[in-house]
Q: 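If you scroll down you'll find the structure; I have some questions about it.
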2 protein chains.
Amino acid sequence: MQGSNHDDVRRRNLSVILRLVHRAGPVSRSQLTRVTGLNRSTIAALVGELAELGLAEEREPDATNQVGRPSMMVAASDHVVALAVNPEIDAVTIGVVGLGGTVHRRIREAMAQSPSAADAVATTVDVLQRMRAELGPRFRFVGVGVAVPGLVRAHDGLVRHAPHLGWVDEPLAGMLEAATGLRVFAANDASTGAMAERHFGAGRGITDLIYLNGGASGIGGGLIVGGAPAGGVAGYAGEFGHTRVSSSAATDSAGIAGTLEAEVTRSALLDLLGQGTLDPDDFERALLASTSPQVRHEVERQLDHLAVALAGAINILNPQLVVLGGFLASIHAVDPERLRAAVGRLTLPVPFDSVRICPAQLGSNLLMIGAAELVFERLLDDPGGFVLPAG
Amino acid sequence: MQGSNHDDVRRRNLSVILRLVHRAGPVSRSQLTRVTGLNRSTIAALVGELAELGLAEEREPDATNQVGRPSMMVAASDHVVALAVNPEIDAVTIGVVGLGGTVHRRIREAMAQSPSAADAVATTVDVLQRMRAELGPRFRFVGVGVAVPGLVRAHDGLVRHAPHLGWVDEPLAGMLEAATGLRVFAANDASTGAMAERHFGAGRGITDLIYLNGGASGIGGGLIVGGAPAGGVAGYAGEFGHTRVSSSAATDSAGIAGTLEAEVTRSALLDLLGQGTLDPDDFERALLASTSPQVRHEVERQLDHLAVALAGAINILNPQLVVLGGFLASIHAVDPERLRAAVGRLTLPVPFDSVRICPAQLGSNLLMIGAAELVFERLLDDPGGFVLPAG
DNA sequence: CTAGTTTGCTGTGCAGGGCAACAAACAGGG
DNA sequence: CCCTGTTTGTTGCCCTGCACAGCAAACTAG
């Protein structure tokens, strides 16, 4: 219940403009006046301040062949970068992402064994130093975003439980903050994926969506409700994998029976395909190419279970869009109509009519973009007040 | 992506102050300065403007026995009122609710048969005229809020489908607007109940909660996610009744099998209790007094099914609180521990530890307060700009 | 080259919150 | 009862930041 004053107006307007150029790419000043409703002179002053802060850059106008004086282009600076980190069971993937949207670098550091939190920190520090040297002083690192396969407490980045990494109550964000001197924000990997798809993928401009990702280690998800990422009270929201979808006794990683994660697994399909492990693209190709009736039957069984979980969420949340990532996108691709029909049988007609189900659009950069967005989100909230470290 | 200007600051500050006195009751000016962070002089000016608008009233200070000059009390005006309407299968309940929180009047207009939309409008107009005459010109009606047992499209108040009333695509809000000359806002009854419990009941100050209400006609619900009521893309969110909780073939009112609404019903309990119909309080008393093992068994069966639906929602939304209303509160009262334990078996430990399950606090005024809040919410968003009709 | 259009730039006006100084209203202590 | 210390209301002034108008600049079209 905070009151507003002049500073808040300035902060909000800077935030709105920087957010626009970050999300929508380079935009002309005249477009900014139209979209924000602010006066030309105000836009000029705001853009000037953003440029002084080094967050935006003004370029000569593009040739538009339009009547009237051409308008300057405004773009978010790609030299303002976030370090994106994604620890997994067999590797730590680290990237450098610019505010303008460019993924400058991405490195997958393979690990001999599942990394501890300390391992992840050490690797991150190491890669950060190399990246800094490589990119030179023009690039300013404003923070670190971490996408963790597990439950992460939102406010302080404590990893409560990451089963596949074997982490329990690891103060990852704090450790990284101490080791790098940068501000660190951590969140669940699926939640960050949802945010990435929402802003830069299949969910652009959509205010209510559900994102479900199927990985080797299970099923996670994220929600956007009313335009804002829904974290729940502590940031643990989105655990679709443990929704009960059948009365079978098969249990998931948390020991709960009959859940989505127990019934719908990538490994069951890999077994039937006669494959050990496949990268996601090869997996989808193999699945689509398969003519085996057993494979087909298993896909259909999994789609029907997936439909139960989706239907429940659709009835409750009335979303505009369901985005499926990972192997869930693959089984969806085999028979989209079956999934949609199964969902339709379990939902009310009205919410069903307004929902679309589609595959994720962002590929391998998903988690890099999402993790970087964790940092940029704070920067965008208060462009002037966010402490920019020197360098 | 709107920009802000001075008007927005004023609007927001007026909004913040009026919302505070509306939600928290009378508050001193000095408290307002502390909570909002605004200057004394600013608070004085803002309160003065609200008083001029007739929305707030300043009173002499309460005796506090504190050192220093006593601070003026500020209260929302109870003469600013909303008409709350709740059509049901056998009656239309209509009330007059003041901005300060007082329910000035409440009338249950019994209906010989299930009212049509036109019946509901006619009754409302009739009651409104009587109330206006009764209360006199000092009371200003700022709008009409309607809590409808069915799916309501948020932006225009179209009732898409109200199965128990037999309504399909009734433009209820538009009809009422034409008939009364007041602004009308309609929403699902359970959603408005969630809002009421959130602001004035069990969920005060809580940002993430789930509300489930069990009525004679089924189970509905509402969500508060991140502090905001979650309506979904069109306002249909919260339909917990159609969540699949078992593999049984029993169907609900929408024809979906094995859902919460199919398994958990008030009528099954009434049958076992040997009662035809009971008002909610009598029902709960009878249920708690019953020593029949069949009743006990049925309650436990229903609690176990309820647990499945709650667990799914808790995993997905990580709420701080689950509020149970109607007969769901009654079966919960029989054995709270059983429900909690059953939920615990189906949820992840971390979100489970942070959630509390409790009965609703607001009794028979729930829907009156909630429906009025639909109107007040708009008024609070822009106290100066909300058009106050004369009278 | 001219007319028309759109945008950038500059100086001014204005609304509204912050601030400081003073007065007013309280409690507590002697 | 008076004095002191504390807190709040009130008033006048200041400062910030957006709007607006007027003019110059840069484009298209004919």
Side-chain angles (χ1 to χ4, degrees), chain A residues 1-18 26-53 56-74 382-385, chain B residues 1-18 20 26-53 56-75 382-385:
Chain A
M1 282 301 204
Q2 278 287 84
S4 296
N5 57 24
H6 290 142
D7 290 351
D8 295 320
V9 173
R10 187 64 163 192
R11 178 166 34 245
R12 171 150 168 56
N13 285 343
L14 286 173
S15 171
V16 165
I17 290 181
L18 191 58
V27 166
S28 75
R29 267 163 53 170
S30 70
Q31 284 175 295
L32 288 175
T33 64
R34 275 189 293 272
V35 175
T36 62
L38 296 172
N39 194 276
R40 287 207 298 272
S41 56
T42 308
I43 292 290
L46 291 167
V47 170
E49 185 165 343
L50 288 175
E52 265 188 29
L53 288 167
E57 286 156 5
E58 282 197 285
R59 288 205 315 256
E60 287 311 298
D62 292 355
T64 59
N65 288 343
Q66 269 188 334
V67 181
R69 179 174 176 172
S71 189
M72 309 270 286
M73 296 299 293
V74 182
D382 183 9
Chain B
M1 283 301 203
Q2 277 287 85
S4 297
N5 58 23
H6 289 142
D7 290 350
D8 296 320
V9 174
R10 187 65 164 191
R11 179 166 33 243
R12 172 149 170 46
N13 285 343
L14 286 173
S15 171
V16 164
I17 290 180
L18 191 58
L20 272 170
V27 166
S28 75
R29 267 164 53 172
S30 70
Q31 282 175 297
L32 288 174
T33 64
R34 275 191 294 273
V35 175
T36 62
L38 296 171
N39 194 276
R40 286 208 299 271
S41 55
T42 308
I43 293 289
L46 291 167
V47 171
E49 184 165 342
L50 288 175
E52 266 187 29
L53 288 166
E57 286 157 4
E58 281 196 284
R59 288 204 316 255
E60 287 311 297
D62 292 355
T64 59
N65 287 345
Q66 269 189 333
V67 181
R69 179 173 177 171
S71 188
M72 312 269 286
M73 296 301 292
V74 183
D382 184 8

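Heavy atoms only: backbone and side chains are in, while hydrogens, waters and symmetry mates are out. Bear in mind that the values here come from a model prediction, so they are computed numbers and not experimental data. Chain letters run A, B, ... following the sequence lines, proteins first and then strands; every chain starts at 1.
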Q: Does the side chain of B:Leu20 come within less than 4.5 Å of B:Val27's, by heavy atoms?
A: no
Q: Between B:Arg40 (side chain only) and B:Arg29 (backbone N and O only), is there a donor and an acceptor less than 3.5 Å apart?
A: no
Q: Rounded to whole Å, please give me the gap between CD in A:Gln31 and P in C:dT6.
A: 15 Å
Q: Quick one: is C:dG16 close enough that its OP1 or OP2 comes under 4.0 Å of any side-chain N or O from B:Arg12?
A: no
Q: Which one, D:dG9, C:dT6, C:dC9, comes nearest to the side chain of A:Ala44?
A: C:dC9
Q: Where do B:Leu46 and B:Val16 land on the side-chain contact (heavy atoms from CB on, under 4.5 Å) test, with the steps shown first?
A: CA-CA 10 Å; B:Leu46 291 167; B:Val16 164; over 6 Å; no
Q: Toward the 5' end of DNA chain D, which comes first, A:His6 or A:Pro61, by nearest nucleotide?
A: A:His6
Q: Mind checking if B:Arg11 touches a base, just sugar-phosphate, or nothing, with heavy atoms under 4.0 Å?
A: nothing
Q: Have a look at A:Ser41 and say if it touches a base, only the backbone sugar-phosphate, or nothing, with a 4.0 Å heavy-atom cut-off.
A: base
Q: Is B:Arg34 touching bases, backbone alone, or none of the nucleic acid, heavy atoms closer than 4.0 Å?
A: sugar-phosphate
Q: What is the nucleic acid contact for B:Val67, judged by heavy atoms within less than 4.0 Å: base, sugar-phosphate only, or nothing?
A: base
Q: Starting at atom CD of B:Glu60, determine the distance to atom C1' of C:dA25, rounded to an integer number of angstrom.
A: 11 Å
Q: Quick check on DNA chain C: between B:Asn39 and A:Asn39, whose nearest nucleotide comes earlier from the 5' end?
A: A:Asn39
Q: Output the rounded distance in Å from CZ (B:Arg40) to P (D:dT7).
A: 11 Å
Q: Given 3.5 Å as the limit, does a donor-acceptor pair link the side chain of A:Asn13 with the main chain of B:Ser4, or not?
A: yes
Q: D:dT8 P sits how many Å from B:Leu38 CG, rounded?
A: 15 Å
Q: Give A:Arg10 one of three labels, base, sugar-phosphate or nothing, depending on what nucleic acid heavy atoms sit under 4.0 Å from its own.
A: sugar-phosphate
Q: Expressed as a whole number of angstroms, how long is the span from A:Gln66:CD to D:dC27:C1'?
A: 10 Å
Q: Determine, for A:Asp7 against A:Arg10, whether the closest basic-nitrogen to carboxylate-oxygen distance falls under 4.0 angstrom.
A: no
Q: More 5' along DNA chain D: A:Ala45 or B:Ser28, using each one's nearest nucleotide?
A: B:Ser28
Q: Starting from P on C:dG16, measure out to CG on B:Asp8 and report it in whole angstrom.
A: 11 Å
